[in-house]
Peer 1: 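The structure follows.
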Amino acid sequence: MYNEIDLDIIDINSEPPTEEPFRQYYFMAKCRKWVKDFEQKNERLPKACVVNMGCQMNARDSEKLAGILENIGYERTDCEEADFVIYNTCTVRENANNKVYGRLGYLHAYKKKHPQMKIALCGCMMQEAHVVERLKSSYRFVDLIFGTHNLFKFPELLASMLERSEMTIEIWQDTDKIVEELPIDRKYPFKSGVNIMFGCNNFCSYCIVPYVRGRERSRRPQEILREIERMADDGVVEVMLLGQNVNSYGKTFDEPFPFARLLQEIEQIDKIQRIRFMTSHPKDLSLDLIEVMAASNKICHHLHLPLQSGSTRILEQMNRRYTKEQYLALAGRLREAMPDLALTTDIIVGFPGETEADFADTLDVVRQVEYDSAFTFLYSKRTGTPAALMENQVPEDIVKRRFDQLLQEVQHIAAAKAERLTGQVRPILVEEVNAQDASLVTGRLENNSIVHIPGDASMIGTLVDVTLEECRGFYYYGRAIAAS
Ligand code: 5AD
Ligand code: SF4
């Protein structure tokens, strides 16, 4: 674990400190006492299951929750039949919400048979007032509910949950606080996400994120660099810088600190060999960034650049602040500076008012840019966003037809692009021994594609140059060049 706190030296009989993060360390020590009592009574440790339901930012938050639970003494499990289950929820699309209500039904059945079980919910969905109302009235068996802004208070909320039998609910509307130095349990020892900013100020008209994640806040560069240096000393060779809109990093400081400069500083950290970042907003992507990326041999030549729609008219309705032509020009500039760049994207189909001509523009951009892969989404109406009030919602059958057509196009192009890499020599970061065939190890290319090569566990966490011998759609078989 990273940032592990020595809880045994904390006096839990004194008053809790007011200063963060020391206040949370105090409550972690209190929970630790509870865990020890549980262990004595039951002759086993309590088991905790953290379920991540959202994006990479959520995944990073889940690592924080898991780190705290582990530091307290819980045993980690992936099975939801546990003593403590926490869902870190997402609300970007409506079906994410429906999934949570469905899964809670199953948990309730288990809890009826195991009444000492505790259930917690956190994350983006909890920032919606109507959700919390529904949970309060129809899901009384949930023990703890908190949101995105007070995640750092998890130990304090957990302590309160363990002490009481009523539902503990604490949701903040916003925050300007960034609390550093809480324990984190990384999923992989050799790669890690790093938050560089929180929140979003863009207010794309379909998107609920600015309402549930609050205003944009950047972490201080010194804090980010210190965290990455410590990770590097701890064996991390690849970092993924995370933010809703990394291109506007540092703009809110008194003395602005551009994202391109942050990348340059991270590159100086010797042991870090690969740097990734997401997500980029096309309107804020600077020429400096393109230059820094092109010149670097550590920054992956991979950019996730959400298009959302190829129609200038729809983009305007979406409040994206770029046109089809500007997007295409940017993609062209990027490809010119980095011919080996992998471009990936997000596209929404069926935004209110989308006509066949608008959809044709989206297909046109997809064909011109030739994305290496694309996440395609059916437009989902999110209560509270401006688009939810737009009258000309597109009928479901039309949206579905366009979606299928887009998906087919995207997959066709992606497969052709993947095939083109066959025969080339590219570096992969080896991540694990292949689960099906122990004579192989599996790694990832700069563009995140998977490659299987002959090898063994000693290669895990190292960068290896491989020849891509055979493309199987979206993954490859290859061979380390040194070994051939
Ligand atoms: N409906 C469908 N897709 C959405 N996204 C965000 N909001 C919505 C919505 N209301 C998609 C966008 C974004 C990705 C994370 O989720 O494409 O880039
Ligand atoms: Fe949502 Fe737009 Fe912010 Fe992305 S940039 S999180 S799509 S509001």
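Along the sequence shown, the residues carry numbers beginning at 1. In each ligand, atom 1 is the first atom listed, and ligand 1 is the first ligand listed. Note that the structure is predicted; figures quoted are calculated from it, not measured.
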Peer 1: Can you tell which part of Leu378 has a heavy atom less than 4.0 Å from ligand 1: side chain, backbone, both or neither?
Peer 2: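 Backbone only.
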Peer 1: Hey, does Arg382 come in under 3.5 Å of ligand 1, counting only N/O atoms on both sides?
Peer 2: no
Peer 1: CD of Gln368: more than 12 outside heavy atoms within 6.0 angstrom?
Peer 2: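 Atom CD in Gln368 is crowded, with more than 12 foreign heavy atoms closer than 6.0 Å.
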Peer 1: For ligand 1, find out whether one of its N or O atoms is nearer than 3.5 Å to an N or O atom of Asp346.
Peer 2: yes
Peer 1: What do you reckon, are the aromatic ring centroids of Tyr476 and His452 less than 6.0 Å apart?
Peer 2: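 Judged by ring-centre distance (under 6.0 Å), Tyr476 and His452 do not meet the cut-off.
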Peer 1: Kindly list each side-chain donor-acceptor pair under 3.5 angstrom involving residues 139-147, sequence neighbours excluded, with atom names and distances?
Peer 2:
residue : atom : partner : partner atom : Å
Arg140  : NH1  : Lys136  : O            : 2.9
Asp143  : OD1  : Lys111  : NZ           : 3.2
Asp143  : OD2  : Lys111  : NZ           : 2.7
Asp143  : OD2  : Ile119  : N            : 2.7

Peer 1: Which atoms of ligand 1 are found less than 4.0 Å from any heavy atom of Val92?
Peer 2: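 Taking each heavy atom of Val92 in turn, ligand 1 has 6 (C), 7 (N), 8 (C), 9 (C), 10 (N) under 4.0 Å.
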Peer 1: Do Glu431 and Lys191 sit within salt-bridge range, that is, some charged N less than 4.0 Å from a carboxylate O?
Peer 2: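 Looking at Lys191 together with Glu431, the answer is yes, because their closest N to O distance falls below 4.0 Å.
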Peer 1: Would you say ligand 1 has an N or O under 3.5 Å from any N or O of Tyr379?
Peer 2: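 Not met; the criterion fails.
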Peer 1: Under 4.0 Å from a heavy atom of Ile348: give me the atoms of ligand 1 that qualify, with their elements.
Peer 2: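 Matching atoms, with element in brackets: 3 (N), 4 (C), 5 (N), 12 (C), 17 (O).
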Peer 1: Heavy-atom pairs closer than 4.0 Å: do any link ligand 1 to the side chain of Gln308, the backbone, both, or neither?
Peer 2: side chain
Peer 1: Looking at Phe377 versus Phe403, is the centre-to-centre ring distance below 6.0 Å?
Peer 2: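 Ring centroids of Phe377 and Phe403 are no less than 6.0 Å from each other.
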Peer 1: Record the part of Phe377 in heavy-atom contact with ligand 1 below 4.0 Å; permitted values are side chain, backbone, both and neither.
Peer 2: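 Just the side chain.
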Peer 1: Quick one, Met53 and Lys99 - any side-chain contact, counting heavy atoms below 4.5 Å?
Peer 2: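 With C-beta onward as the side chain, the pair stays apart.
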